[in-house]
Amino acid sequence: MDLLTIVVLGVGLSMDAFAVSICKGLAMRKVTWKEMGCAGLWFGIFQGMMPLIGYLLGSLFAGYIEMFSSWIAFILLAFIGGNMVKEALSGEEEDADDDMSAGKMFLLAVATSIDALAVGITFSMIPVEMFAGMNRFMNTLLACLIITFETGVLSAAGVKIGGIFGAKYKNKAQIAGGVVLILLGIRILLQHYGIM
């Protein structure tokens with residue numbers, strides 16, 4: 001995976017956290033930098049940490065499934081993306097609350113970053129190759145830092161957007177993120193067969 005793929009992947013992965021951040025902003029009377037920073041830190045750190053954990057776990061058994069790696073990456077990304085689109089189209093509304101306590105944010109950060117754990121497993125099968133002079137682990141670590149930054153910025157912005165515009169962008173963000181992940185999965189599969 002190259003730098004552009006990682007940047008696009010990071011945006012796609014961050015859409016769940018972005019949508020939850022919008023809900024947080026909806027419930028607040030006044031959005032401050034403190035709430036924006038809180039959401040950005042919690043969601044960014046977990047979204048970046050989970051792919052690294054997935055990479056380390058996946059590295060343990062990547063050798064056994066290497067010949068199926070492109071298909072596994074495609075299936076995982078398509079499944080995660082499909083679930084995001086399904087949730088957005090289901091019409092079920094999440095309860096918006098302004099609770100930014102450590103316990104609440106921890107649970108939300110874990111819930112919105114589970115998909116990133118699965119993506120990290122794909123990193124162990126389809127290597128991250130952003131910079132030729134870096135080894136595989138350092139490239140993966142840098143990819144996780146990029147995902148952390150993107151999710152942090154988008155989550156902080158989501159709180160502000162929720163406070164200003166309301167819920168009209170939440171479902172659109174989830175659908176866009178889901179479609180991006182599905183398309184990345186298709187791209188990985190096409191590259192495996194030399195079509196792209």
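Values in this document were obtained by computation on a predicted structure and should not be read as measured data.
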From [X] atom [atom1] to [Y] atom [atom2], the distance as rounded to the nearest 0.5 Å:
X	Y	atom1	atom2	answer
Glu129	Leu3	CD	CG	13.0 Å
Cys144	Ile53	SG	CD1	9.5 Å
Leu190	Ile186	CG	CD1	7.0 Å
Leu141	Arg136	CG	CZ	14.5 Å
Leu108	Met100	CG	CE	9.5 Å
Thr148	Met49	OG1	CE	9.0 Å

Checking [X] side chain against [Y] main chain: does a donor-acceptor pair fall under 3.5 Å?
X	Y	answer
Ser155	Gly152	no
Ser21	Gly158	no
Gln47	Ile147	no

Just do the side chain to side chain contact (heavy atoms under 4.5 Å, CB included) check on Thr5 and Leu184 with the steps written out, would you? CA-CA 8 Å; Thr5 302; Leu184 283 174; 3.8 Å; yes

List the atom of [X], the atom of [Y], and the distance in Å for their closest heavy-atom pair.
X	Y	answer
Glu150	Ile6	OE1-O, 4.0 Å
Gly10	Thr151	O-OG1, 4.3 Å
Asn139	Met134	ND2-O, 3.2 Å
Met105	Ala39	CE-CA, 3.9 Å
Leu9	Val119	CD2-CG1, 3.5 Å
Arg187	Asp2	NH2-OD2, 3.8 Å

Let me check something: do [X] and [Y] share a hydrophobic cluster, defined by ILVMFWY side-chain heavy atoms less than 4.5 Å apart, either directly or through other members?
X	Y	result
Val153	Trp42	no
Leu145	Phe46	no
Val8	Phe18	yes
Phe131	Leu52	yes
Ile182	Phe79	no

Side chains of [X] and [Y]: does their closest heavy-atom pair fall under 4.5 Å?
X	Y	answer
Phe137	Leu56	yes
Phe43	Asp16	no
Met28	Val159	yes
Thr122	Met1	yes
Met36	Lys24	no
Val11	Val180	no

